[in-house]
There are 2 protein chains.
Amino acid sequence: MSSVSLSNWKAVEAEVLSRIHSRQWEPGQLIPNESDLAEEFGCARATVNRALRAIAENGLLDRKRKAGTRVATNPVRRATLNIPVIREEIEAGNHSYAYAVFSSKIEEPPLNIHATMRLNGDEPMLHHQSVHLSDGKPYVASDRWINLDAVPDILNADFKSISANEWLVANAPFTNGDIAFSATSGDASIAERLGAKSGEALFAIDRTTWNNDIAITSVKLVFHSGYQMRTVL
Amino acid sequence: MSSVSLSNWKAVEAEVLSRIHSRQWEPGQLIPNESDLAEEFGCARATVNRALRAIAENGLLDRKRKAGTRVATNPVRRATLNIPVIREEIEAGNHSYAYAVFSSKIEEPPLNIHATMRLNGDEPMLHHQSVHLSDGKPYVASDRWINLDAVPDILNADFKSISANEWLVANAPFTNGDIAFSATSGDASIAERLGAKSGEALFAIDRTTWNNDIAITSVKLVFHSGYQMRTVL
DNA sequence: ACAATTATTATGTGCATACATATAAAGATT
DNA sequence: AATCTTTATATGTATGCACATAATAATTGT
């Protein structure tokens, strides 16, 4: 086997992955403990620990104190999605970016927004609707609610030069958020804004963010027809 | 400030996050280097390193050797999606799981499958179509192509007791894969299998996996109407 | 037989030190 | 002024050691 010393964690990671993939270590099987592996690989236990931890974070190993480390049986795969600012996503593809506001006014939010944002009910809410354009063509429609108690300054923002999303990213940090991906036919007005046929299947992202339990914003993004969000495993 | 010593990396992580969120360290700003922070927090540099690394992995800090660490300006948020085995997803919700195969035969794949899987063209391919049911109701339709050169044994699998996906998870490890999320109206036959109205917007996942450049399988999963895939930020 | 207690063990983490490596910045050379 | 070379520096990582912690296994007591 590998009697050469694997003395960096990337090499150890690769060797362990190879043993998993080659089924030398089968799903469910207990693998040797860190000390033994360190001895076999000719490195420190901390190095093995770093490698195994990285693999476990990816879901391919299950680790438990005292019980040891075993190969995951039904590896719940973890895919990491990058959620960029729309402008950067468009410009990264060498397209020109533009942004149009349809409506921006203080309104009472509907019940579902009230519930997802966990509002008290007395917050003044800004309802902001816009479209991001790529090369002049509609790319994604945004329907956003903003808690003005949390970010009152947004009323002074100039949405001709910056999108609500980018203003918030720059000015309203959040500690946690929910995000959901789904398919929608969209209502007629959103379809129209996107230049999509009414009833066409569109990819949607719903995202709500909080700063220490204070709701900041909730947005529904409906993408143009044919949009795919991709990543690697 | 905090003259009490933060001598574990979780505490350091929390303190750094708090400084970012409170804008004590603003977006784009260079933060003190690891040694200085270690001194301030009264811990080892390795501990600070561990904390900053964890934050950077989440996209909130940008780190570069010699240049130092700065608060990310447009934090590309990273969301981690758990991609479970369908059966477990259904059973986790306390629903009963069932699985029905519609068709399973060796066929010539269409061009798009040929391209996404990067096939040579001479591989024998198994075309496997099925539906997963939750409490007897269609949950997700699966349209799968399997490279029999890579996993010939699958012809002996008994798909009455185990789904193709679970068989593959257990018997055909992969080293890398692509995954894409989208919305589709589905074709009429898929809609029918799902008990969905034709033309209804459905959430879809396309996933292709390889084992060291050998294509294993490519699958299109079309979920029932209203399905959402969710996670936290 | 069962419950409560204690011991054991594998992972989790912290620390001091050393060296590796990328790269920005300064300096030398053309 | 432009390019190449050197230097300085912040992060990246390996190591040996120590101790913390969770959870299983063994033991004890009823």
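First the proteins, then the strands, lettered A, B, ... as listed; each starts at 1. Nothing here was measured: the structure is a model prediction, and the numbers come from that model.
Side-chain contact check for B/Asn49 and B/Glu34: at least one donor-acceptor pair (N or O, by modelled atom type) lies under 3.5 Å. A donor and an acceptor atom, one from each side chain of A/Thr217 and A/Arg144, are located under 3.5 Å apart.
Within the 4.0 Å cut-off from OP1 or OP2 of C/dT11, at least one side-chain nitrogen or oxygen of A/Thr69 is found.
Comparing atom distances between the B/Arg65 side chain and each of C/dT8, D/dT11, D/dA8 picks out D/dT11 as nearest. Among the nucleotides D/dT15, D/dT13, C/dC15, the one closest to any side-chain atom of B/Thr47 is C/dC15.
Base contact: B/Arg45 has a heavy atom under 4.0 Å from a base atom. Among the heavy atoms of the strands lying under 4.0 Å from A/Asn8 are primed sugar atoms or P, OP1, OP2 only; no base atom is included. Residue contacts for B/Ser35: at a heavy-atom cut-off of 4.0 Å it reaches no nucleic acid atom on any strand shown.
Remark: A/His128 engages A/Tyr99, A/Ser104 in a side chain to side chain donor-acceptor pair (under 3.5 Å) (not counting sequence neighbours).
Summarising the geometry, the separation between CH2 on B/Trp9 and C1' on C/dC15 is reported as 17 Å, rounded to the nearest angstrom. Atom-to-atom, CG of B/Asn33 to C1' of C/dA24 comes out at 15 Å; the value is rounded to the nearest Å.
Taking 4.5 Å as the limit, every side-chain heavy atom of B/Ile20 sits out of range of all side-chain heavy atoms of A/Pro173.
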